[in-house]
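In what follows, chains carry the letters A, B, and so on, assigned in the order in which the sequence lines appear, proteins first and then strands, with residues in each chain numbered from 1.
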Amino acid sequence: MNSEKPNIRLIASGKDWIEGAAVDQLKRTAELPGMRLAVGFPDLHPGKGHPVGAAFVSSGTIYPYLIGNDIGCGMGFWQTDLLRRKAKLDRWAGRLSDLENPWEGDVGEWLQRAELPTTHSDHSLGTIGGGNHFAELQAVEKVEDETEFAKLNLSKEKLMLLVHSGSRGLGESILRAYVDQHRDAGVAVESTDAKDYLQKHDEAVRWAKANRSLIAHRFASVLNAACENVVDGSHNSITRHELAGETVWLHRKGAAPAETGPMIIPGSRGTVSYLVLPTGDLPAAAWSLAHGAGRKWTRSESKSRIRDRYRPDELSQTELGSRVICENRDLLYEEAPDAYKKIEVVIKTLVDEGLIRVIASLRPLITYKTRSSR
DNA sequence: ATGTCC
């Protein structure tokens, strides 16, 4: 197999705050058998054994545990037909609900349209989930590249919809079945277990995309709006690539795809997000980008630090004036903007490294997380 | 992250 030393690249500047523990995880993961390249992005932070905000390229072996349970998790971005000047934010915020609960429409038909089979997770299709997942109505804050903006048929007058969600219980069950057999170890790509995992993985990736699409549809229909998809990409997946004539396996753990055109890099819920155009040497950065601001504090740290600093009602209205619908108090603390690093710094590092050009920034108006208190 | 987990 591979006896060469793996390449490790940490894409960060002095202004990016990166924990030593995350860098240690990056290095240790890079030492796994068959690893060719490990890339850490400016949003790198510690995860469960392996870091988040990183991409790993292997040959001969795949490591499903690196991807985690939320296979296919990612960002979808839609343009609605709602006009910014006609926004009724208070009324809309009052009306939005239920996106964490099962959809009452025809899931079977929606699955069929995405050419997906029925599974035990049908009832979760179209639901946001917990943690850092959200659906957010946005306005265009600033267009930096008019040409690319126009190429995507985007209008500054229209409101946008950004959805962060994944494969819910489906990905979880796929990882669990793998881990029961192999724990955190990899498997040879030619093995039956690898083929079986990859087939289910690919389905979970498509399911997660259909999930984001249904969430956008549900959100828009509450506002009597239509929406059109602009961008969709997963930051948790394994994909096959060619590197110097060899087949390699790219593991993304919180790393956005760079090889499929424009991508969204979200901020935290109180900040702008960015629509960017990848411009770099793709293989050298493992065909990937940062996937967001990256956590600064763990969930439990955030809870204790932020609880003393803010009242819940101060967190449901952000510095940019946007509304955050999150009636679960713990989650509101865990996901407060202060718990995350500064997205501007992450974006600047990617720009300075020649990896992206900013097309536009997007201002949050209403962020929906959950109406339920637990 | 997860119809989570005591």
Side-chain angles (χ1 to χ4, degrees), chain A residues 22 25 29 43-55 63-76 97-104 107 118-135 163-180 183-184 197 200-201 203-212 214-215 233-238 251-256 266 268-269 291-295 297-303 326-336 339-340 367-374:
Chain A
Q25 287 184 337
T29 306
D43 55 337
L44 191 78
H45 61 278
K48 259 176 87 180
H50 306 287
V52 182
Y63 291 90
Y65 188 78
L66 285 187
I67 304 312
N69 60 328
D70 200 357
I71 301 163
C73 184
M75 308 302 304
S97 71
D98 230 29
L99 298 174
E100 65 277 48
N101 295 322
W103 184 46
E104 295 190 343
V107 170
T118 285
T119 65
H120 59 270
S121 294
D122 286 6
H123 65 286
S124 297
L125 195 77
T127 64
I128 294 180
N132 54 6
H133 291 171
F134 64 85
V163 177
H164 177 202
S165 190
S167 57
R168 312 287 283 104
L170 183 63
E172 159 79 17
S173 66
I174 295 167
L175 179 67
R176 202 182 327 117
Y178 177 87
V179 166
D180 283 347
R183 288 177 304 223
D184 61 349
Y197 170 83
K200 291 182 188 149
H201 159 284
E203 202 169 277
V205 169
R206 291 192 299 113
W207 195 99
K209 182 178 178 178
N211 186 37
R212 290 186 286 275
L214 182 50
I215 292 165
S234 171
H235 49 233
N236 287 350
S237 69
I238 301 181
H251 303 65
R252 291 188 169 107
K253 178 57 172 176
S268 48
R269 302 311 9 99
H291 81 312
R295 241 181 205 290
W297 300 333
T298 66
R299 288 177 180 280
S300 52
E301 276 168 355
S302 310
K303 220 181 291 179
C326 181
E327 294 181 1
N328 177 329
R329 194 168 287 196
D330 284 346
L331 188 59
L332 190 65
Y333 293 132
E334 288 165 13
E335 291 297 319
Y340 287 85
T367 305
Y368 187 94
K369 290 184 68 68
T370 183
R371 281 284 181 204
S372 75
S373 56
R374 45 175 297 159

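Under the salt bridge (charged side-chain N to carboxylate O under 4.0 Å, His left out) criterion, A:Arg299 pairs with A:Glu334, A:Glu335, sequence neighbours left out. Residues satisfying the side-chain hydrogen bond (donor to acceptor under 3.5 Å, both in side chains) criterion with A:Arg252, sequence neighbours excluded, are A:Glu259, A:Ser288. Take A:Lys209 and apply the side-chain hydrogen bond (donor to acceptor under 3.5 Å, both in side chains) test, not counting sequence neighbours, and it matches no residue. Shown here are the side-chain contact (heavy atoms from CB on, under 4.5 Å) partners of A:Glu172, two or more places apart in sequence or in another chain: A:Asn69, A:Arg176. Residues satisfying the side-chain hydrogen bond (donor to acceptor under 3.5 Å, both in side chains) test with A:Ser268, not counting sequence neighbours, are none.
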What's touching nucleotides 2-6 of chain B from the protein side, N or O pairs under 3.5 Å?
residue: B:dT2; atom: OP1; partner: A:Arg168; partner atom: NH1; Å: 2.8
residue: B:dT2; atom: OP2; partner: A:Gly130; partner atom: N; Å: 2.6
residue: B:dT2; atom: O3'; partner: A:Arg168; partner atom: NH1; Å: 3.3
residue: B:dG3; atom: OP2; partner: A:Arg168; partner atom: NH1; Å: 3.1
residue: B:dG3; atom: OP2; partner: A:Gly169; partner atom: N; Å: 3.0
residue: B:dG3; atom: O6; partner: A:His123; partner atom: NE2; Å: 3.1
residue: B:dG3; atom: N1; partner: A:His123; partner atom: NE2; Å: 3.4

